[in-house]
Novice: 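I'd like to ask some things about the structure below.
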Amino acid sequence: MSTPLENYLTGKAPDKINAAMTAYVANLQQVAQVGPEIAASVVKELATQRAHLKLVASENYCSLNTQAAMGNLLTDKYAEGFPEHRYYGGCENVDAVESVAAEEAKALFGAEHAYVQPHAGADANIVAYWAILNQKIEMPALEEFQETNLSNLTDEQWADLRKKLCNQKLMGLDYYSGGHLTHGYRQNISARMFDSYSYTVDKKSGLLDYDAIEKQAMEVKPLILLAGYSAYPRAINFKRFRQIADKCGAVLMVDMAHFAGLVAGKVFTGEENPVEWADIVTTTPHKTLRGPRGALILCKAEYADAVNKGCPLVLGGPLPHMMAAKAIAFKEARTTAYQTYAKNVQSNAKALAEDCINLGMKLQTGGTDNHLMLIDVTSFGLTGRQAENALFECGVTLNRNTLPFDPQGPWWTSGIRVGTPAVTTLGMEKPEMAEIATIINMVLKGTKPGLTKEGKPAKGKIDLDPAIKKAATEKVQSLLSRFVLYPELDLDFLQKEFVK
Ligand code: PLP
């Protein structure tokens, strides 16, 4: 019996064979020899992704080049430490990979130092917190112990240190106003490491109120002032944050996980570019930046040694195959094509926001400057959860999101978060944004809250008009048929070979 690869290579005219598809088939063939159900899931995921309009603001589609860089023997190597300072032998090739990724990241963002090991954005933030503590806190305990870093403390010394660390203050944006869990949310380790304080947005405008933040920072005097968020639709003035940090004596840390692609693509420059102003910047490559999952840290040279101690202080061994994939993504982001992409992400978001407003929707802060917007769905009589479910039933994927001061809380919410990174990767432009706004509007208008057994409106249930569902689904599919994800990949062939 012939293999999937043989079937592909013999079933196509030579000029119709493409390298990406060949690599994909070969890769899945290897996987299927051991785990056919795993190969089937990969193919089914491609089908799912192709069939849904992805408006999740934190997701994207990384290139097939980047994906290829992840699937290789680099995964086998342990390399705790950092280049040329490893706790394992034989790390020359990992050193080379990590150094290329770090140099590419430095060049991409104009940073003094880059650390590309963190496995996730949440981990990168913890590494950054420890680096700041390590660098900034004069702990008599440490001097007493004559330690230069925190790696080798005894249990007793740790207990002493913990007591001291609890007195350090972190000040970030409130989770419910768009901050991330790791920015001091009470159920996250960040709120246990620090005495944590939150600022919020202006109740009326929904915007950051820099004067109010300054006033609060002067009262709190945090060790770390943290900016950069998960659900804030506006540009951030980092020059102003720098002034506030300097005035209150804080280290300025920025988590640009969401909008890193707009920084890399030179959409956010000057006062809006955090790398110019912050001491430490953390980010993920898998959102607007369009790379693989993971994270990286950029910092001023002063913090380089402390940041490099991320592994083994906080992180497990680095993932060399993922650092290889990061290197490829950073190289891709240094092209003019990527800069055009980043500009389009922003212009698409602005166009979509305007279209939604023209259709009568209410947007948090009245619009967007970046890649995302928050739509208040209460005017449709829905919770965010109902809106998310109704749209998903029509083939649109996005997530519900709290609005600042949301009376519905984080489970039900009053809003949905809508982002343009993924649809822009597919090549969609302003006309398609108008189509998307129409789809969102028709689905939300065609949805009523479902009823409980007792006949009362239920926050989680929906009653979606079947005619609207049919019409919206057709519109979504028509849109997706014109903008195919990974067009090099022949889904019918992959399904035939791998999904039994
Ligand atoms: N920082 C911000 C601002 C985020 O929005 C997120 C995730 O959505 C993270 C950090 C965490 O990233 P990860 O999921 O890779 O841990």
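Counting starts at 1 for both ligands and their atoms, following the listed order. We use all heavy atoms of the structure for the numbers below, so side chains are in, but hydrogens, waters and symmetry mates are not.
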Novice: Once you measure the plane-to-plane angle for H85 and F82, does it fall in the parallel (<30°), tilted (30-60°) or perpendicular (>60°) bin?
Specialist: parallel
Novice: Could you check whether the rings of Y78 and Y88 sit parallel, tilted or perpendicular, using 30° and 60° as the cut-offs?
Specialist: parallel
Novice: Applying the side chain to side chain contact (heavy atoms under 4.5 Å, CB included) test to I416, which of V377, L403, D376, L374 qualifies?
Specialist: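 In the set V377, L403, D376, L374, the residue that makes a side chain to side chain contact (heavy atoms under 4.5 Å, CB included) with I416 is V377.
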Novice: For N273, what residues pass the side-chain hydrogen bond (donor to acceptor under 3.5 Å, both in side chains) criterion, not counting sequence neighbours?
Specialist: none
Novice: Filter the ligand 1-protein atom pairs down to N or O on both sides and distance under 3.5 Å, then list them.
Specialist:
| from | atom 1 | to | atom 2 | distance (Å) |
| --- | --- | --- | --- | --- |
| ligand 1 | 1 (N) | D255 | OD1 | 3.3 |
| ligand 1 | 1 (N) | D255 | OD2 | 2.6 |
| ligand 1 | 5 (O) | S230 | OG | 2.7 |
| ligand 1 | 8 (O) | K287 | NZ | 3.4 |
| ligand 1 | 15 (O) | G121 | N | 2.8 |
| ligand 1 | 16 (O) | G121 | N | 3.2 |
| ligand 1 | 16 (O) | A122 | N | 2.9 |

Novice: Please check this pair: side chain of D369 against backbone of R234, looking for a donor-acceptor N/O pair closer than 3.5 Å.
Specialist: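 It does not hold such a pair.
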Novice: On the ring face of W277, is R240 found with NZ or CZ under 6.0 Å from the centre and within 45° of the axis?
Specialist: no
